[in-house]
Amino acid sequence: MDNVQLERRHDYIQWLFPLPEASSAVPGAPVLSADDVMQIRSSDIAMTNLRAAAARMRDFYARTRHWLAPADHNHLRITRIIKSLRLLAGDAEADAFKTMILDTVGFSGANISARSMGFWASA
């Protein structure tokens, strides 16, 4: 998908970056069990795909600016991405994604809400 499609569609983040809790926005999206987490972590294919998805989203957030607002639906996406990366790929990859987001916010001077910043900090 190009950046416009990534922005307009609202049903893919839950599939690319699954979590152990259900999504209220996308019923039917995967809900990971402990066994699912272990299988994903041990699968080279799954980890390659997760890392590719994270790289695509890093590019999306680096190239777009509409999310650099006090409130935006992308803030929830960013929180999910960080949480999923932490769970499945580890702290280093989650922290690298979070650092890129925070650096982009800092360089832009965007006024992101304290609530979103708090979610990212605790993700």
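Only heavy atoms go into these numbers, but all of them, side chains included; no hydrogens, no water, no symmetry mates. Remember, predicted model here, so these are calculated numbers, not experimental data. Along the sequence shown, residues carry numbers from 1.
- Partners of Ser108 according to the side chain to side chain donor-acceptor pair (under 3.5 Å) rule, which considers only residues two or more places apart in sequence or in another chain, do not exist here.
- Without hydrogens or angle criteria, Ser84 side chain to Pro18 main chain gives a donor-acceptor distance under 3.5 Å.
- Arg56 meets the salt bridge (charged side-chain N to carboxylate O under 4.0 Å, His left out) test with Asp59; sequence neighbours excluded.
- Few gaps surround CG on Asp2; more than 12 heavy atoms of other groups in view lie less than 6.0 Å from it.
- Residue Leu6 is not grouped with residue Val26 when hydrophobic side chains (ILVMFWY) are merged at heavy-atom distances under 4.5 angstrom, including chains of intermediate members.
- For the ring pair (Phe, Tyr, Trp, His ring centres under 6.0 Å) condition, the pairs that include at least one residue of residues 84-123, sequence neighbours left out, are His75-Trp120.
- Of the inter-residue distances, the one linking Ile82 atom CD1 with Met57 atom CE reads 11.5 Å to the nearest 0.5 angstrom.
- Among all heavy-atom pairs drawn from Ser23 and Gln14, the shortest one is OG-CG, 3.4 Å.
- Other residues, nucleotides and ligands contribute only 12 or fewer heavy atoms inside 6.0 Å of the NZ atom of Lys83.
- Rounding to the nearest 0.5 Å places CD1 of Ile45 at 13.5 Å from CG of Leu50.
- The salt bridge (charged side-chain N to carboxylate O under 4.0 Å, His left out) check on Arg86 picks up Asp91, Asp95, with sequence neighbours excluded.
- For Arg9, the salt bridge (charged side-chain N to carboxylate O under 4.0 Å, His left out) partners are Asp11, not counting sequence neighbours.
- The main-chain N or O of Met38 is found under 3.5 Å from a side-chain atom of Ser42 such that the two form a donor-acceptor pair.
- In the hydrophobic cluster analysis, where Ile, Leu, Val, Met, Phe, Trp and Tyr join through side-chain heavy atoms closer than 4.5 angstrom, Leu68 is grouped together with Leu102.
- For the side chain to side chain donor-acceptor pair (under 3.5 Å) test, residues two or more places apart in sequence or in another chain that qualify with Asn74 are Glu7, Tyr61, Asp72, Arg77.
- Residues Met47 and Ile81 share a single hydrophobic cluster, defined by chaining ILVMFWY side chains whose heavy atoms lie under 4.5 Å apart.
- Distance alone, capped at 3.5 Å, places no donor-acceptor pair between the Arg115 side chain and the Ile112 backbone.
- With sequence neighbours excluded, the residues forming a salt bridge (charged side-chain N to carboxylate O under 4.0 Å, His left out) with Arg51 are Glu93, listed by chain and number.
- In this view, Val37 and Leu32, Arg41, Leu87, Leu88 satisfy the side chain to side chain contact (heavy atoms under 4.5 Å, CB included) rule, not counting sequence neighbours.
- Applying the ring pair (Phe, Tyr, Trp, His ring centres under 6.0 Å) rule to pairs touching residues 11-43 yields nothing, sequence neighbours excluded.
- Contacts classified as salt bridge (Lys or Arg N to Asp or Glu O under 4.0 Å) and involving residues 16-36 (residues at least two apart or in different chains) are not found.
- The side chain to side chain contact (heavy atoms under 4.5 Å, CB included) test applied to Thr64 returns Asn3, Phe60, His66, Trp67, not counting sequence neighbours.
- Legend: residues meeting side chain to side chain contact (heavy atoms under 4.5 Å, CB included) with Ala22, ordered by chain and number and at least two apart, are Val31.
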